[in-house]
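Quick notes on the structure that follows.
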Amino acid sequence: MPGVDHPPEHERDEMSEQETYDVEAVQEKWLPVWDELQPFRADEDSPREKKYALTMFPYPSGDLHMGHAEVTALHDVVARYWWQRGFEVLNPMGWDSFGLPAENAAIRNDEHPATYTYANIETQYESFKRYGISFDWSRRLHTSDPEYYRWTQWLFLKFRERGLAYRKNSPVNWCPNDQTVLANEQVVDGKCERCGADVTKRELTQWYFKITEYAQELLDCLDDLEPTWPTRVVTAQRNWIGRSEGAHVDFAVEGHDPITVYTTRPDTIFGTTFMVVAVDSALAEELVTDGQRAAFETYRDEIRKETEIERLSTDRPTSGVDLGVTATNPVTGTQIPVWATDYVLADYGTGAVMGVPGGDQRDWEFATVMGLEIIRTTQTPEGFEGESYNGEGPAINSPAPGVDAPLDINGLGVAEAKRATIDFLEQRGTGKGAVNFRLRDWLLSRQRYWGVPIPIIHCEKDGEVAVPYDQLPLELPELRGADLKPKGVSPLAAASEWVDVACPTCGGPAKRDSDTMDTFVDSSWYFLRYCSPTYTDGPFDVEKARAWMPADIYVGGVEHAVLHLLYARFFTKVLRDMGMLDVGEPFAAQLNQGIVINQGKKMSKSLGNGVSLGDQLAAYGVDAVRLTLVFAGPPEDDIDWADMSPAGSLRFLQRAWRLSGDVTSAPGTAPEGGDVALRRATAHTVHEAAELIEGYRFNVMVARVMELVNATRKAIDLPESRGGCGPADPAVREATEAVAILLSLVAPFTAEEMWERLGHRPTVARAGWPAVDPGLLVEESVTAVVQIQGKVKARLEVAPDIAEADLEQLALADPDVVKAIDGRPVRKVIVRAPKLVNVVV
RNA sequence: GCCCCGGUAGCCCAACGGCAGAGGCGAUGGUCUCAAACACCAUUCAGUGUGGGUUCGAAUCCCACCCGGGGCACCA
């Protein structure tokens, strides 16, 4: 084992000063003790104030890796801190155990996905235990257990009863590799978030959660989360929800219902010279005239073949087809042509846009290519050389000079012009102010096996029929190996003895819905299940949830900034509206850790730069690895393992541990009367550590503990003449005990061992926060700096409560200061008692 | 293109608008050793990405730019 000295047996006697810290033996020693003591069992009936420490539960792929080690080490600092501060802490762990990797493994190995899943869960469970995180294992859960997913199904049915789960036919994102649909959030740069394949569109009837109904509230509550959530998560969610304000405007079409468009710039309506609808929308199909139908269909089919990547590409050529109809501008009465194009999105707004080339660059390009008229409606600034202009400026051509129109907004600024136009449209009944969101409803159906079956039966006569609540859980049929191969429809559809059922309403032949739910549904409420993991009368015990929710901290990866975190917020709000929760937000505070990389790059098999957590633990021990991860830097920063020194961490732990063997005073020795300098250092460290932890500045906290260890070492070793006090001084015991308790947040094995060597009973994890005499925090004297023109010229030892006038007098009398002033007239003296005096000459 | 976050010793990182350095790594020298490794002791090193501004005083506040990371991006 590198870094640890194992002297031969015969030398041991001469090495009493250099005791050996046997990492492995210490680890083996304490695990069974903790199992016995169960120090982290959360009790909601406890009179202590409660804290809920939550960390994102893992997907069970293989064993734990460096990423898991980092996030749980950071998380554990907070959880253990809260225990030490006297809180009752809920710190649960479970597994997000439905999902594709298990299914793919099952196909490869001709087995059941559960085999892979539960084997990995056991492996990870054992690893977590050895890793010494303060989880309450009695609350362990797996989302793939029927007793868990019965409640996922229950929630789905409840949501459906509230109109929040519905089925619709619509073009959806399709991953040709995983052979399943994807939610908007799972398409990143036109690629499948999971496998990276180019996503295409398909027209399918699928289940959706109506998250858009909560769009405004999801947005508004971000204001309250802003102080305690990472900025980047809050902004990412704001961007994702994408609220905009504008108007719906109706354009009359002969022989058809009016076309309603959404626009954020109703004030530019005088510049509307054409109209564009999404080529893949039903509206386009309806509007197209017989004469243009052939051209339209050719164009539409071309676009449909394209992947998301191609459609999203910003340098694609402008394209479109004239639909052959005209619409009437509701303000000017002008007839304008209606086109179909691919730059308008079918599922945003109304799928139709008023073309204002003077105010929108896309419209400008379209008008230029198609030879359509361009009218500017906002005065461009002096020297403007661009094409379209959407900035601030007075309205012009609204109406054009000499034209008589029922509305005149010429000269108004953008905001006033908008308001005037909306007022006019509303009076005329041809439009109204409107708000739009970028957020779409959450597509939750998946054409795969290893997920929660959707508890719906499709009957020809009765339509969609819910599986009765007393028949939940609706369990998955036993499929394995080749049965699970992706075929474009769910594997469940082929399990005829499962799919074919009698309709619960009419008893006639019917079929079960053969899709399963997106696994993000499972993880949208697991933090509630933890509050009462074995509850059988509902997804969770409302009273228990009241006791624990919201989670006081949620630690996890920033990759979930929109997906999981938005969905979980949505579920929480719905459950609140169902009367099951008091809170509208699930996570009061959040901490995102960085990732562990190696040699400047993400660890990956292809780069061959992976670092095995198991190897690191074997080489340096759990505590040293945890300490390294916590000490590496601010939690949000990435950690380059190549820059880290677990050996250095181990060295420090040994130094700390050695202190506990050097203390010679008896346990319980009162610290009063001990060496004051060391007592002050201890008091400061403990005091500051609390502030640092609460600010998530764990790396600095560790540094402070290192300082205290160094100070204690010196106090023991140095002769009295050089500030030492010897191992028998009560201050040494006080400092060492503080070190043990502070270290218990990061290095629980070492801390436990120290605690025992100090003559205490286990477990240090519940020893309580070190008591600090507040008097020791007040310094007897402080160093005041005297500056001339901002440059330090002298230092003075002064009382901390010195008056400004006294300090000024003292400073100006100092010989070094007098010399530095050198007889020049003093123009100004700035005094910041007790730390600083600045003399301006 | 728009919006966030960040640039401090060789490296990882500290520093209420007030002495740029807390801690660690590395390096160098020493103690120990036949020698080395380990351990221990000591020493070393930047003026804070660039340019302006505010201030008695700026790593810290403001503006512009450069570099790195992230989010959104035909969202009308």
Listing time: all N or O pairs from protein to nucleotides 25-32 of chain B that are below 3.5 Å?
| unit_1 | atom_1 | unit_2 | atom_2 | d |
| --- | --- | --- | --- | --- |
| B/C25 | OP1 | A/R651 | NH2 | 2.8 |
| B/G26 | OP2 | A/R651 | NH2 | 3.4 |

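Between A/N699 and B/A14, a side-chain N or O to OP1/OP2 separation shorter than 4.0 Å is present. Of the side-chain N and O atoms in A/N838, none sit less than 4.0 angstrom from OP1 or OP2 of B/U55. Considering only side-chain N and O atoms, A/Y348 lies under 4.0 angstrom from the phosphate OP1 or OP2 of B/A76.
Under the Watson-Crick and G-U wobble criteria, each requiring two contacts below 3.5 Å, nucleotide B/A35 is left unpaired. For B/A59, there is no paired nucleotide, since no Watson-Crick or G-U wobble pair has both relevant distances below 3.5 Å. Across all strands shown, B/A14 remains unpaired; no Watson-Crick or G-U wobble contact has both distances below 3.5 Å. When both distances must be under 3.5 Å, the Watson-Crick or G-U wobble mate of B/A42 is B/U28. Both distances falling under 3.5 Å, in either a Watson-Crick or a G-U wobble arrangement, place B/C2 opposite B/G71.
Following rounding to the nearest Å, A/I716 (CD1) and B/C40 (P) show an atom-to-atom distance of 14 Å. The nearest whole Å value for the distance from the CZ atom in A/F631 to the C1' atom in B/C11 is 13 Å. Taking atom CG of A/L836 as the reference point, atom C1' of B/U55 lies 14 Å away to the nearest angstrom. Whole-Å rounding puts the A/L692 CG to B/C13 C1' distance at 14 Å. Whole-Å rounding puts the A/F698 CZ to B/G24 P distance at 21 Å. Here the P atom of nucleotide B/C75 and the CG atom of A/D441 are 21 Å apart, to the nearest Å. A/N710 places its CG atom 13 Å from the C1' atom of B/C40, with the value rounded to the nearest Å. What separates CD of A/E559 from P of B/C72 is a distance of 13 Å, to the nearest Å.
Side-chain atoms of A/Y21 and A/T750 include a donor-acceptor pair closer than 3.5 Å. A/E365 and A/T318 share no side-chain donor-acceptor pair at under 3.5 Å. Under 3.5 Å, the side chains of A/D267 and A/T421 contain no donor-acceptor pair of N or O atoms. The closest side-chain donor-acceptor pair between A/W229 and A/Q237, if any, does not fall under 3.5 angstrom. Counted by atom type alone, A/Y620 and A/S649 present zero donor-acceptor pairs between their side chains at under 3.5 Å.
Comparing B/C13 with B/C45, their C1' atoms sit 15 Å apart, to the nearest whole Å. B/C11 and B/G1 are spaced 31 Å apart, taking the P atom of each and rounding to whole Å. B/A20 and B/A37 are spaced 39 Å apart, taking the P atom of each and rounding to whole Å. Across B/G7 and B/U50, the matching P atoms stand 13 Å from one another, rounded to whole Å. The separation of B/C12 from B/C16, taken at their C1' atoms, amounts to 25 Å, rounded to a whole angstrom.
In the set B/C72, B/A76, B/A14, B/C72 carries the atom at the smallest distance from any side-chain atom of A/N239. For A/Q787, the side-chain atoms get nearest to B/G18 when compared with the rest of B/G24, B/G18, B/C56. Taking the side chain of A/R704 as heavy atoms from C-beta on, and the options B/C75, B/A14, B/C56, the nearest nucleotide is B/A14. For A/V353, the side-chain atoms get nearest to B/A76 when compared with the rest of B/A42, B/A76, B/C72. Side chain of A/E707, nearest nucleotide from B/A76, B/G23, B/C41: B/G23. With distances taken from any side-chain atom of A/R655 to the nucleotides B/A14, B/C41, B/G23, the minimum falls on B/C41. Ranking B/A42, B/C75, B/G23 by closeness to the A/K714 side chain, first place goes to B/A42. Closest contact between the side chain of A/D637 and the listed nucleotides B/G23, B/C13, B/G57 involves B/C13. With B/C72, B/C3, B/A14 as the candidates, the nucleotide lying closest to the side chain of A/W240 is B/C72.
Between the side chain of A/N592 and the main chain of A/E636, no donor-acceptor pair closer than 3.5 Å is present.
Remark: A/E226 engages A/R238 in a salt bridge, criterion side-chain N to carboxylate O under 4.0 Å. No salt bridge links A/R304 with A/D280; every basic N to acidic carboxylate O contact stays at or beyond 4.0 Å.
Contact annotation for A/V344: base contact, defined as any heavy-atom pair under 4.0 Å involving a base atom.
Residues forming a salt bridge (Lys or Arg N to Asp or Glu O under 4.0 Å) with A/R713 (at least two apart in sequence, or on another chain): A/D662, A/D717.
Taking 90° from 0 as the syn/anti boundary, the base of B/G47 is oriented syn.
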Kindly determine whether A/W339 and A/F274 satisfy ring-ring contact (aromatic ring centres under 6.0 Å, His included), including the steps that lead there. CA-CA 8 Å; A/W339 288 64; A/F274 61 95; 7.7 Å; no
